[in-house]
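Just so you know, these numbers use all the heavy atoms, side chains as well, and skip hydrogens, waters and symmetry mates. Sequence lines set the chain letters: A, B, ... in the order given, protein chains first and strands last, and positions in each chain run from 1.
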Amino acid sequence: MSISLKNISKSYNKVNAVQNITFNVKQGELFGLIGPDGAGKTTLFRILTTLLIPSEGTASVAGFNVVNDYKSIRNNVGYMPGKFSLYQDLTVEENLDFFATIFGTTIEENYDLIKDIYIQIEPFKNRRAGKLSGGMKQKLALCCALIHKPKVLFLDEPTTGVDPVSRKEFWEMLKRLQQKGITILVSTPYMDEAELCDRIALIQDGKILEIDTPKAIVKHYPKPIYNVRANDMYQLLKSLNDYSHNHSVYPFGEFVHYTDSRSDFKPKELEQYLESKNLLDIIINKTAPTIEDTFMELAK
Amino acid sequence: MSNNKVIEVEGLTKMFGDFIAVNAITFNVEKGEIFGFLGANGAGKTTAMKMLIGISNPTSGAANVAGFDVFTNAEDIKKNIGYMSQKFALYDDLTVKENITFFGGIYGLSRKKIKEKSTILIEELGLQNVSNQLVGSLPLGWKQKIAFSVALLHNPKIVFLDEPTGGVDPITRRQFWEMIYKAANQGTTIFVTTHYMDEAEYCDRVSIMVNGKIEALNTPKKLKEQFKAKSMNDVFLKLARG
């Protein structure tokens with residue numbers, strides 16, 4: 001196992017940030033921690049990168065215990081925190097050189113690993129890190145986290161606040177790193193990114209809701225889901241929320257995802273109800289659940 | 001200007017030295033409309049928004065927001081709009097009630113009015129148990145819902161929302177959008193940026209900025225037809241890299 005957590009808990013004063021977390025990440029796996037702000041993702045990252053000592057439980061990374069062997073872990077992992085943490089007043093090249101030197105290596109020695117990413121920011125190598133755009137900062141931070149050829153890479157919300165195109169490019173980079181044998185633990189609040197991981201843990205309020213492959217997780221969704229659409233989204237949402245048989249009502253893009261509390265639900269009845277609320281152009285179709293549907297059902 | 005247009009922008013441009021951050025953008029937003037303002041990081045959204053809310057002077061072009069000219073009446077614009085962003089919305093070291101009182105005061109509401117609004121807001125959001133807690137101790141999703149309500153305290157004509165739901169959990173994110181629908185239904189115009197493409201579908205119309213220019217502007221349905229795309233995410237991916 002590349003990463004292993006057993007009954008890990010961490011509390012600050014009386015607040016339990018994470019509770020009784022157990023999971024394993026295999027060598028070379030791309031594992032996602034999926035959950036919103038405040039779920040406890042960052043606390044887990046800090047424990048695994050030896051920056052926090054757990055209140056209870058044991059954990060190991062690359063075969064080393066997070067408490068006793070913290071120095072070995074630091075030499076073997078790369079960590080990209082959620083907040084940009086490079087030196088703003090050093091240039092792109094100086095930052096990279098600095099991190100290489102600290103780990104007793106050189107940019108040349110491991111250039112192979114970062115080449116694909118670094119060439120995208122190389123035209124700006126003499127620019128100070130503080131003056132880079134969001135997307136370029138993110139790429140530089142990734143290069144700095146990789147420059148000592150870590151066995152395990154920790155990425156805490158690398159795509160938060162990043163536009164869809166840059167997010168897509170970032171995940172393509174992760175896939176290439178995975179092919180080079182690096183184990184990756186990545187967190188994200190974007191549920192659509194969950195599908196790109198080998199396995200995911202859904203996490204909320206410091207607890208794991210479910211761990212499995214993305215495909216298996218959506219299979220566990222307990223009810224049929226319907227796409228509902230009408231001419232007026234606001235009235236549609238209101239009417240569905242007022243409908244006494246609803247189990248869940250969530251807007252999903254141009255549709256509302258609707259589930260019914262009855263096992264013998266008839267879409268025709270719902271259609272008639274919506275018509276009685278003066279809605280027009282009503283469409284009700286069965287649809288497949290997504291990770292986000294599953295997350296909301298579990299978090300309810 | 002016609003009564004129904006609350007934002008009118010023509011050829012609005014902002015240059016920093018030789019760099020054209022916003023390149024002659026032109027569009028209108030109607031009263032009560034939910035207008036999605038999309039674009040990749042660095043496309044010029046924030047710069048454009050800063051001009052519209054009266055805190056950055058345009059280099060050239062014209063813009064009228066809530067009935068006031070951005071060049072000559074920037075102060076009046078500020079009084080007639082609400083604003084919240086992902087990065088800053090409320091003071092973490094003030095309580096919920098103190099934040100409401102503070103922002104109410106800034107917008108010139110009377111003490112009586114502030115008290116009235118404060119009670120309604122706290123009740124509507126179900127915050128009775130936390131109204132005396134520091135905002136910093138609340139989950140992000142709650143903060144953002146409170147911030148939106150606070151941005152509406154002075155009944156502005158338009159609310160500008162800069163990535164209001166970034167990092168917010170999926171359930172709260174949807175509750176937030178139900179609040180947006182409600183406000184729009186009551187006639188408030190919503191001008192919103194987001195990186196969640198499902199949220200782009202919730203907008204009445206969407207504009208997409210690429211390298212300082214508005215490259216597309218239409219209803220989500222028409223944009224999908226125009227770019228032969230299944231979703232707004234596909235539209236965005238086709239456009240945003242220029």
Check: Does the pair A:K238/B:E178 count as a salt bridge with the N-to-O cut at 4.0 Å?
Finding: no

Check: In terms of heavy-atom contacts, does NZ of B:K143 have more than 12 from other residues, nucleotides or ligands at under 6.0 Å?
Finding: yes

Next item on the list: Heavy atoms only: give me the nearest A:P251-B:Y202 pair and the separation to one decimal.
Entry: O-OH, 2.9 Å

Notebook entry, point to check: Relative to chain A, which of B:I180, B:I171, B:D169 shows the most heavy atom pairs under 4.5 Å?
Noted result: B:I171

Note to self: Between B:T194, B:N185, B:T172, B:L38, who has the most heavy-atom pairs with chain A when the cutoff is under 4.5 Å?
What the structure shows: B:N185

Notebook entry, point to check: Given side chains that start at C-beta, do those of B:D198 and A:F252 come closer than 4.5 Å, heavy atoms only?
Noted result: no

Item checked: Heavy-atom donor-acceptor pair, B:Y196 side chain to A:Y190 backbone, under 3.5 Å -> no

Margin query: Keeping A:D37 on the side-chain end and B:V168 on the backbone end, is there a donor-acceptor pair under 3.5 Å?
Written below: no

Item checked: Six-ring centre of A:Y250, B:R173 cation under 6.0 angstrom, axis tolerance 45° -> no

Notebook entry, point to check: Of the backbone (N, CA, C, O) and the side chain (C-beta and beyond), which part of B:K224 lies under 4.5 Å from a heavy atom of chain A, both, or neither?
Noted result: side chain

Next item on the list: May I ask you to decide if A:V162's main-chain N or O and B:N41's side chain share a donor-acceptor pair within less than 3.5 Å?
Entry: no

Check: Between B:P170 and A:F295, what is the shortest heavy-atom contact and its length?
Finding: CG-CD2, 3.6 Å

